[in-house]
Amino acid sequence: DTGVSQNPRHKITKRGQNVTFRCDPISEHNRLYWYRQTLGQGPEFLTYFQNEAQLEKSRLLSDRFSAERPKGSFSTLEIQRTEQGDSAMYLCASSSTGVREAFFGQGTRLTVV
Amino acid sequence: GQQVMQIPQYQHVQEGEDFTTYCNSSTTLSNIQWYKQRPGGHPVFLIQLVKSGEVKKQKRLTFQFGEAKKNSSLHITATQTTDVGTYFCLTSGTYKYIFGTGTRLKVLA
């Protein structure tokens with residue numbers, strides 16, 4: 001296992017289209033996080049999974065955003081009816097219970113045109 | 001909600017000079033972590049501090065956790081061009097990691 005993997009690395013989409021990103025965490029990690037980062041800013045928390053359960057969701061996440069982690073392994077983040085303001089780097093991180101260090105993936109850079 | 005502020009927001013130093021970033025919380029922290037994000041990269045874990053007054057060193061980097069566990073600092077001695085990036089402090093809540101606002105370091109050769 002080489003770490004947290006995110007796909008795709010880059011996505012360009014037209015406004016109004018739906019996009020889906022995938023995150024494969026480190027295999028033994030039961031905690032998974034999604035963050036969004038815009039240029040020059042720190043990452044903003046979006047949502048958290050413990051195994052397959054989504055336990056926390058930021059108010060930043062509008063109803064156009066949905067995330068799943070169906071089998072407690074990989075996770076997907078879907079954005080419906082994308083807007084230009086959704087353009088950002090979407091980061092996924094994972095960690096294990098009791099170990100507080102989070103490992104981040106390289107991110108998916110979304111550009112909405 | 002919990003907020004973690006970092007100062008300064010930006011710092012330009014000449015190579016060889018020292019650098020310090022400070023992280024301040026409005027509430028007592030259970031732990032604090034420090035991450036480095038290179039330009040175009042993703043956050044990479046540096047260290048975690050848990051105990052009041054804890055000091056840890058990694059080569060030229062010194063990390064400190066305040067006695068009241070409301071603040072922390074990262075000090076880099078004799079900066080190098082490889083130190084360029086944004087340094088974030090991070091605290092872990094029940095269901096999330098809360099990032100500090102970050103300090104962007106630029107090192108001039």
Side-chain angles (χ1 to χ4, degrees), chain A residues 2-7 9-10 21 23-26 29-51 53-61 67 69 88-109 111, chain B residues 1-11 21-25 29-51 54 56 58 63 65 69 72 74 84-106:
Chain A
T2 57
V4 179
S5 177
Q6 290 188 247
N7 289 288
R9 292 289 308 279
H10 303 273
F21 311 140
C23 171
D24 287 90
I26 293 173
H29 286 180
N30 62 336
R31 297 178 173 180
L32 187 145
Y33 310 81
W34 284 99
Y35 283 82
R36 178 174 65 189
Q37 186 175 28
T38 52
L39 199 61
Q41 303 297 314
E44 297 175 297
F45 170 79
L46 293 179
T47 192
Y48 162 70
F49 288 87
Q50 184 161 314
N51 300 310
Q54 187 176 21
L55 297 184
E56 183 79 1
K57 190 175 175 180
S58 168
R59 286 172 293 177
L60 294 172
L61 226 59
R69 194 183 183 196
M89 175 74 84
Y90 290 83
L91 292 164
C92 175
S94 71
S95 69
S96 56
T97 306
V99 176
R100 309 304 286 183
E101 173 185 355
F103 293 82
F104 284 82
Q106 293 186 313
T108 294
R109 183 171 296 283
T111 303
Chain B
Q2 186 172 35
Q3 290 188 327
V4 183
M5 303 300 294
Q6 274 184 260
I7 53 170
Q9 188 175 5
Y10 302 97
Q11 184 82 60
T21 173
Y22 300 90
C23 183
N24 298 293
S25 170
L29 304 171
S30 59
N31 63 81
I32 194 129
Q33 300 175 24
W34 285 92
Y35 286 71
K36 176 184 178 181
Q37 186 172 23
R38 292 182 184 273
H42 59 282
V44 175
F45 175 80
L46 294 176
I47 209 153
Q48 176 177 265
L49 304 171
V50 178
K51 299 176 183 176
E54 189 170 13
K56 287 188 178 180
Q58 287 180 352
F63 304 85
F65 203 5
K69 300 181 74 172
S72 181
L74 159 59
V84 164
T86 302
Y87 292 84
F88 291 100
C89 62
L90 204 89
T91 188
S92 54
T94 305
Y95 295 136
K96 67 182 78 168
Y97 289 89
I98 300 166
F99 277 83
T101 47
T103 296
R104 189 176 302 172
L105 173 64
K106 187 170 183 177

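Lettering follows sequence order; numbering is per chain, from 1. Small disclaimer: the values here were computed from a predicted structure and weren't measured.
In this structure, the side chains of Q50(A) and Y48(A) come closer than 4.5 Å at one or more pairs of heavy atoms.
Neither the backbone nor the side chain of Q6(B) comes within contact range of chain A; no heavy atoms are under 4.5 Å apart. Both the backbone and the side chain of L55(A) come within less than 4.5 Å of a heavy atom of chain B. Looking at E44(A), neither its backbone nor its side chain comes within 4.5 Å of chain B, counting heavy atoms on both sides. Heavy atoms closer than 4.5 Å to chain B are found in the side chain of Y35(A), but not in its backbone.
The neighbour count for K36(B) NZ, taken as heavy atoms of other residues, nucleotides or ligands under 6.0 Å away, is above 12.
The closest side-chain donor-acceptor pair between Y35(B) and Q37(B), if any, does not fall under 3.5 angstrom. One side chain, Q54(A) or T47(A), offers a donor N or O that lies under 3.5 Å from an acceptor on the other.
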